[in-house]
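Inspection log for the structure reproduced underneath, given as structure tokens.
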Amino acid sequence: APVIKVAYSETPYVLGSVVLGGPRTIYKDTTAQGAQPVIQGGLKIGADVTSIHLEALTFDGLGSADHPHNLTFDAAAKVESITVVNCKLNNYLRGVLYESSKAPTVNTIKYEGVEVNNVGGDGGDCFDFRGKAVVNSIEFINSTLNTGARTWFRIDANTTLESIKLTHC
């Protein structure tokens, strides 16, 4: 997968809303202090995305309606894996992962060592599947939800979900 290394900066990277294409790995460039770069905005999962790996980054939605979710399905992608490791997901108005009427197929979604902070209650379902998505498994390991969110999961009747596993959350 193409790799994007994000260097630490005292100033946040202003991303806005970006549609991802193809397999993608985005992670921080290591600093001696372990500080994470901050990316302001949200990511949209395009039709040709086959995998996403996000690691050691802080994402900030700024409480803005312009990018109310960290990840949003923008098309009916066939995704092998979405993996989020050691990230902080802050200030998203409506949630972390959102799908509505795009009908993606996803084999695995895994969040490990993730801290979710201040997800708003304005439709704030942290992980929200409203359309005809097919998801094999969702797994959370050593992750924390702080302040906010109306619900942790919203899985509507049209969505097929095989398993959810929470370990040390």
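As the structure is a prediction and not an experimental result, all values here were calculated from the model.
- Aromatic rings from Phe59 and Tyr13 are positioned such that their centres are separated by 6.0 Å or more.
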Self-check item: Derivation and outcome, side chain to side chain contact (heavy atoms under 4.5 Å, CB included), residues Ile138 and Phe129
Solution: CA-CA 12 Å; Ile138 300 175; Phe129 290 90; 4.0 Å; yes
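- The only member of Val19, Leu15, Val49 that meets side-chain contact (heavy atoms from CB on, under 4.5 Å) when paired with Leu43 is Leu15.
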Quiz item: Does the pair Glu115 and Asn146 meet the rule for a side chain to side chain contact (heavy atoms under 4.5 Å, CB included), with working shown?
Solution: CA-CA 8 Å; Glu115 185 179 312; Asn146 294 311; 3.7 Å; yes
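- Side-chain contact between Ser137 and Glu162 is absent, with no heavy-atom pair separated by less than 4.5 Å.
- Summarising the geometry of Asp48 relative to Leu20, their closest heavy-atom pair is OD1-O, 4.3 Å, with the distance given to 0.1 Å.
- Within the 4.5 Å cutoff, the side chain of Ile164 has heavy atoms near those of the Phe153 side chain.
- Once rounded to the nearest 0.5 Å, the distance linking CD1 of Ile45 with NZ of Lys102 reads 12.0 Å.
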Practice problem: Starting from the C-alpha separation in whole Å, work towards a yes-or-no answer on side chain to side chain contact (heavy atoms under 4.5 Å, CB included) for Asp128 and Leu97. | Solution: CA-CA 6 Å; Asp128 191 346; Leu97 178 63; over 6 Å; no
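- The hydrophobic clustering, which links ILVMFWY residues whose side-chain heavy atoms are closer than 4.5 Å, places Leu166 and Val106 together.
- A donor-acceptor pair is defined here as one N or O able to donate and one able to accept, closer than 3.5 Å; no such pair exists between the side chain of Ser81 and the backbone of Thr83.
- No path of Ile, Leu, Val, Met, Phe, Trp and Tyr side chains, each step under 4.5 Å between heavy atoms, connects Val85 with Val79, placing them in separate hydrophobic clusters.
- Side-chain N or O atoms of Thr159 include none that pairs as donor or acceptor with a backbone N or O of Ala157 at under 3.5 Å.
- The shortest side-chain heavy-atom distance between Lys44 and Ser17 falls under the 4.5 Å cut-off.
- Listed here is the closest heavy atom pair of Lys28 and Pro37: CB-CD, 3.5 Å.
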Self-check item: Evaluation steps, salt bridge (Lys or Arg N to Asp or Glu O under 4.0 Å), between Asp125 and Arg150
Solution: CA-CA 5 Å; Asp125 302 306; Arg150 176 175 61 190; 2.7 Å; yes
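- Here CZ of Arg24 is found 9.5 Å from CD1 of Ile52. Values are rounded to the nearest 0.5 Å.
- Partner of Asn117 under the side-chain hydrogen bond (donor to acceptor under 3.5 Å, both in side chains) criterion, chosen from Thr144, Asn90, Thr58: Asn90.
- Between Gln36 and Lys88 there is a side-chain heavy-atom pair separated by less than 4.5 Å.
- Note that CG of Leu54 is 8.5 Å distant from CG of Leu89, once rounded to the nearest 0.5 Å.
- A donor-acceptor contact under 3.5 angstrom links the side chains of Asn136 and Asn107, judged on distance only.
- Here CD of Glu55 is found 9.0 Å from CD of Glu112. Values are rounded to the nearest 0.5 Å.
- Within the 4.5 Å cutoff, the side chain of Asp60 has heavy atoms near those of the Val38 side chain.
- Of all the heavy atoms in Gly113 and Ser143, the pair that sits closest is N-OG, 3.4 Å.
- Smallest separation of non-hydrogen atoms from Ala65 and Pro68: O-CD, 3.3 Å.
- Residue Leu161 is grouped with residue Trp152 when hydrophobic side chains (ILVMFWY) are merged at heavy-atom distances under 4.5 angstrom, including chains of intermediate members.
- The ring of Tyr111 has its center closer than 6.0 angstrom to the ring center of Phe127.
- Residues Leu71 and Val134 do not share a hydrophobic cluster, clusters being chains of Ile/Leu/Val/Met/Phe/Trp/Tyr side chains in contact below 4.5 Å.
- Contact of the Lys110 side chain with the Ile141 side chain is registered, since non-hydrogen atoms from C-beta on lie closer than 4.5 Å.
- Within the 4.5 Å cutoff, the side chain of Leu57 has heavy atoms near those of the Ile26 side chain.
- When all heavy atoms of Gly46 and Ala75 are compared, the closest pair comes out as C-CB, 4.0 Å.
- To the nearest 0.5 angstrom, Asn91 atom CG is 5.0 Å from Asn118 atom CG.
- Looking at Arg154, its side chain never comes within 3.5 Å of a backbone N or O of Thr151 through a donor-acceptor pair.
- In this structure, the side chains of Pro104 and Glu99 come closer than 4.5 Å at one or more pairs of heavy atoms.
- In this structure, the side chain of Tyr8 does not engage the main chain of Gln33 through any donor-acceptor pair within 3.5 Å.
- Rounding to the nearest 0.5 Å gives a distance of 10.5 Å between CZ of Arg94 and OG1 of Thr72.
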Practice problem: Would you sort out whether Val6 and Ile39 count as a side chain to side chain contact (heavy atoms under 4.5 Å, CB included), showing the intermediate values? | Solution: CA-CA 9 Å; Val6 181; Ile39 299 172; 4.3 Å; yes
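- Side chain of His69 to main chain of Tyr98: no donor-acceptor pair is present (N/O by atom type, distance under 3.5 Å, no hydrogens or angles).
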